[in-house]
Amino acid sequence: MRTLSISTWALALWSISGCSGSPQDTGTSSAADKAATDVADRDAPGASKGLGPLSGLLPSDNLVLPSVIQVDLTAETVRLPLYKGMANGHTVWFIVTEASDPGLAENGGLNYAPKLANMADGCPECVQTVTQDSPSAAANRFGQAVINFKGEPDFSPTRVAVPGPNGFPLASFAPGAVAGEGYSPFIRIDGGSVVFNAPIVAVGDGPFDVVHHTNTADRALGIHIAPSTVPSGQYLESWVDMLLVKGFDAGEPILYLSTEADDAQAATLERATYVPALANAPYNGGDDFVGSARERLFGFVNGRTGADNPEAQGFRHIILDGHASEDASADNVALINALRDGGDLLNVFGDFPTLKDPRHADAYSPLWDAQLGEWTAKALKEGADKRQIDENVVFNLAANRPDLLTGPGGAPYGSVGIDINCAVIGFTRKAPTMNLADPAPNSQFPPR
């Protein structure tokens, strides 16, 4: 097997996800449409308040990841191009969401994430080196060359999420997917230097189990494999529908995808593949310091709960109100509706590709270093445990009001050593551009 250059891979990605298939054709949103959305958002009931539109197709100008085919807000799914690979002698199917090189990210319709270039520093197992087939012209008139992975996920385990007495922590849990030897979603093609985020989301040649997920990721709700025989001069695209996650950045509601985590309980709650090796990715608490591959997200272990509560947020909320113990499928309407209407984790993200300051836009990484907060007894008594939607507001609280917000169990606030691979998809209302507050002196603001 001969490997090709990274530019060949980029060309294949560009042809598949950037300039072919059926990109989401929903036009752009007018000023009147956006004004109507703002009014509807203010009037939204319960936990869905502040989350933007909850039904229909997301307008294409609200996408951050250009290769997205469509976002169906009613079904709570994002449709992404699906690519073919091989691992351990059988077929695997993967998506691609980020690249560490700006040109290849642009050509491939991917998020640009320069921090991915640091991923293997001190953690060679965090990036798997893959090879790429070299098909003849007769075998491949147009399309992607097969990628050969060293490792893959095992999707056969049964996912278990039994709520604890207070919801979180879970009384018992088991991830529904576990990394096999050598698997990481972050790949580098042999001979190249660029790191791509390329999670495997299904294995085999079908049929695909998108109900109990014995051969698919727990968020895969629909898979279409294009026919192998294509009419002359045409290209037919394979795709996967993945269950979205809702959150916030700089005060605005956002959509993202969760595919891997390095902690078993987090992987269970996130419906993600458990990849313990990612715990060694550079590095806990690193954020924007030199050599870091991570960005920060902010979650809450004991936020408010209730589908009718506009302040609901966090781990207890998704367990008690988001049907966390059930398998996700397109037929599980109660689960889809609960998540669509605000029963999700509703984490707060840090740096985001649409932020006006290039320093923060380019600091985006899909590997999120979890900063988990716990509201104190005083905060609960005073009603200070409100939904948070901006990172600066969160770490200002942590810096100035440790009587209200600490780390779990009263520990100092900051990294808890849990990392989650979450590619950003888009925003439902307005693009996040600026934080809602300036950083307080001596808060955990990224270094200048």
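From a predicted model like this one, the values you see are computed outputs, not experimental measurements. Position 1 is the first residue of the sequence, and the numbers go up from there.
Judged by distance alone, the side chains of D154 and S156 do bring a donor and an acceptor atom under 3.5 Å apart. Inspection of the S415 and D369 side chains reveals an N or O donor paired with an N or O acceptor under 3.5 Å. The closest side-chain donor-acceptor pair between D72 and T77, if any, does not fall under 3.5 angstrom. A donor-acceptor pair shorter than 3.5 Å can be found between the side chains of E152 and N88. Defined by atom type and a distance below 3.5 Å, a donor-acceptor pair is missing between the side-chain atoms of N302 and D385. Looking only at atom types and distance, the side chain of N62 has no donor-acceptor partner in the side chain of R429 under 3.5 Å away. Looking at E295 and S365, their side chains never bring a donor and an acceptor atom within 3.5 Å of each other. For Y274 and Q265, the side-chain atoms include no donor-acceptor pair closer than 3.5 Å. A donor-acceptor pair shorter than 3.5 Å can be found between the side chains of D133 and N148.
Between V416 and the choices D263, L372, N284, the side chain to side chain contact (heavy atoms under 4.5 Å, CB included) rule is met once, by L372. Just one residue in the list V78, V245, I254, T97 forms a side chain to side chain contact (heavy atoms under 4.5 Å, CB included) with I425, and that residue is V78.
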- Message: Could you walk me through whether L257 and I95 satisfy the side chain to side chain contact (heavy atoms under 4.5 Å, CB included) test, starting with their C-alpha distance in whole Å, then the side-chain angles of each, then the deciding distance to 0.1 Å, before giving a yes or no?
- Response: CA-CA 11 Å; L257 181 62; I95 59 176; 3.7 Å; yes
- Using the ring pair (Phe, Tyr, Trp, His ring centres under 6.0 Å) rule, take F349 and Y256 through it: C-alpha gap first, then chi angles, then the decisive distance, then the call. CA-CA 10 Å; F349 275 30; Y256 63 97; 4.4 Å; yes
- Test side chain to side chain contact (heavy atoms under 4.5 Å, CB included) on F298 and V394 and set out the steps. CA-CA 8 Å; F298 305 85; V394 174; 3.8 Å; yes
- Query: Please walk me through it: do V146 and Q132 pass side chain to side chain contact (heavy atoms under 4.5 Å, CB included)?
  - Reply: CA-CA 6 Å; V146 170; Q132 181 176 249; over 6 Å; no
- Would T259 and N421 satisfy side chain to side chain donor-acceptor pair (under 3.5 Å), going step by step from the backbone distance to the final call? CA-CA 6 Å; T259 51; N421 184 18; 3.2 Å; yes
- Task: Go through the steps for E260 and Y183 under the test side chain to side chain donor-acceptor pair (under 3.5 Å), then give the verdict.
- Result: CA-CA 11 Å; E260 284 85 16; Y183 176 70; 3.0 Å; yes
- Before giving the answer on side chain to side chain contact (heavy atoms under 4.5 Å, CB included), spell out for L57 and V71 the whole-Å C-alpha distance, their side-chain angles and the decisive distance to 0.1 Å. CA-CA 6 Å; L57 296 181; V71 170; over 6 Å; no
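Applying the side chain to side chain contact (heavy atoms under 4.5 Å, CB included) rule to A379 yields the partners W375, T376, A384, L404; only residues at least two apart in sequence or on another chain are considered.
Checked by atom type and distance alone, the side chain of S292 pairs as donor or acceptor with a backbone atom of D287 at under 3.5 Å. In this structure a side-chain-to-backbone donor-acceptor pair under 3.5 Å is present from R304 to G383. With R316 contributing its side chain and N166 its backbone, the two residues share a donor-acceptor pair below 3.5 Å. Side-chain atoms of Q144 do not come within 3.5 Å of backbone N or O of Y83 as any donor-acceptor pair. Listed for the D262 side chain is no donor-acceptor partner under 3.5 Å among the backbone atoms of P276. A distance-only check finds a donor-acceptor pair linking the side chain of S100 to the backbone of V195 [under 3.5 Å]. Formation of a donor-acceptor pair under 3.5 Å by the T74 side chain with backbone atoms of G56 is found in this model. Q128 places a side-chain N or O within 3.5 Å of a backbone atom of K150 that can act as its donor or acceptor partner. For the pair H323 (side chain) and N332 (backbone), a donor-acceptor distance under 3.5 Å is absent. A donor-acceptor pair under 3.5 Å links the side-chain atoms of K115 to the main chain of R294, judged by distance alone.
Contact of the I187 side chain with the V127 side chain is not registered, since no non-hydrogen atoms from C-beta on lie closer than 4.5 Å. The shortest distance between side-chain heavy atoms of V301 and F168 falls below 4.5 Å. Residues F186 and L278 have side chains in contact (heavy-atom distance under 4.5 Å, counting atoms from C-beta outward). A 4.5 Å side-chain heavy-atom check between F427 and E252 finds every atom pair outside the cut-off. Considering only heavy atoms from C-beta on, W368 comes within 4.5 Å of V424 through its side chain. Within the 4.5 Å cutoff, no side-chain heavy atoms of R141 are placed close to those of Y235. A 4.5 Å side-chain heavy-atom check between T268 and V160 finds every atom pair outside the cut-off. The side-chain heavy atoms of V68 and R79, taken from C-beta on, include no pair separated by under 4.5 Å.
The minimum heavy-atom distance linking L110 with L65 is given by the pair CA-CD1, 3.8 Å. Residues P231 and L236 come closest through the heavy atom pair CD-CD1, 4.4 Å. Minimum heavy-atom separation, R271 to A328: NH1-N, 3.5 Å. Scanning both residues, T354 and P432, for their nearest heavy atoms gives OG1-O, 2.5 Å.
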Enumerate, atom names and distances included, each donor-acceptor pair closer than 3.5 Å involving a side-chain atom of residues 199-211, sequence neighbours excluded.
| unit_1 | atom_1 | unit_2 | atom_2 | d |
| --- | --- | --- | --- | --- |
| D205 | OD1 | T91 | OG1 | 2.9 |
| D209 | OD1 | V211 | N | 3.0 |
| D209 | OD1 | H212 | N | 2.9 |
| D209 | OD1 | H213 | N | 3.4 |
| D209 | OD2 | H213 | N | 3.2 |
| D209 | OD2 | T214 | N | 3.1 |
| D209 | OD2 | T214 | OG1 | 2.9 |

Going by atom type alone, with no hydrogens or angles, which donor-acceptor pairs under 3.5 Å involve a side-chain atom of residues 305-312 and a protein atom two or more places apart or on another chain?
| unit_1 | atom_1 | unit_2 | atom_2 | d |
| --- | --- | --- | --- | --- |
| N309 | OD1 | E311 | N | 2.9 |
| N309 | ND2 | T305 | O | 3.2 |
| E311 | OE1 | R387 | N | 2.9 |

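With rounding to the nearest 0.5 angstrom, the CG atom of L63 is 11.5 Å from the CD1 atom of I69. Taken from CG in D390 to CE in M434, the straight-line distance is 10.5 Å, to the nearest 0.5 Å. Put simply, OG on S329 and CG on D218 are 11.5 Å apart, with the number rounded to the nearest 0.5 Å. Atom CD of residue E76 and atom CG of residue L244 lie 5.5 Å apart, to the nearest 0.5 angstrom.
By the 4.0 Å N-to-carboxylate-O rule, D344 lies too far from K246 to be salt-bridged with it.
Ring to ring, F94 and F149 are close: their centroids are under 6.0 angstrom apart.
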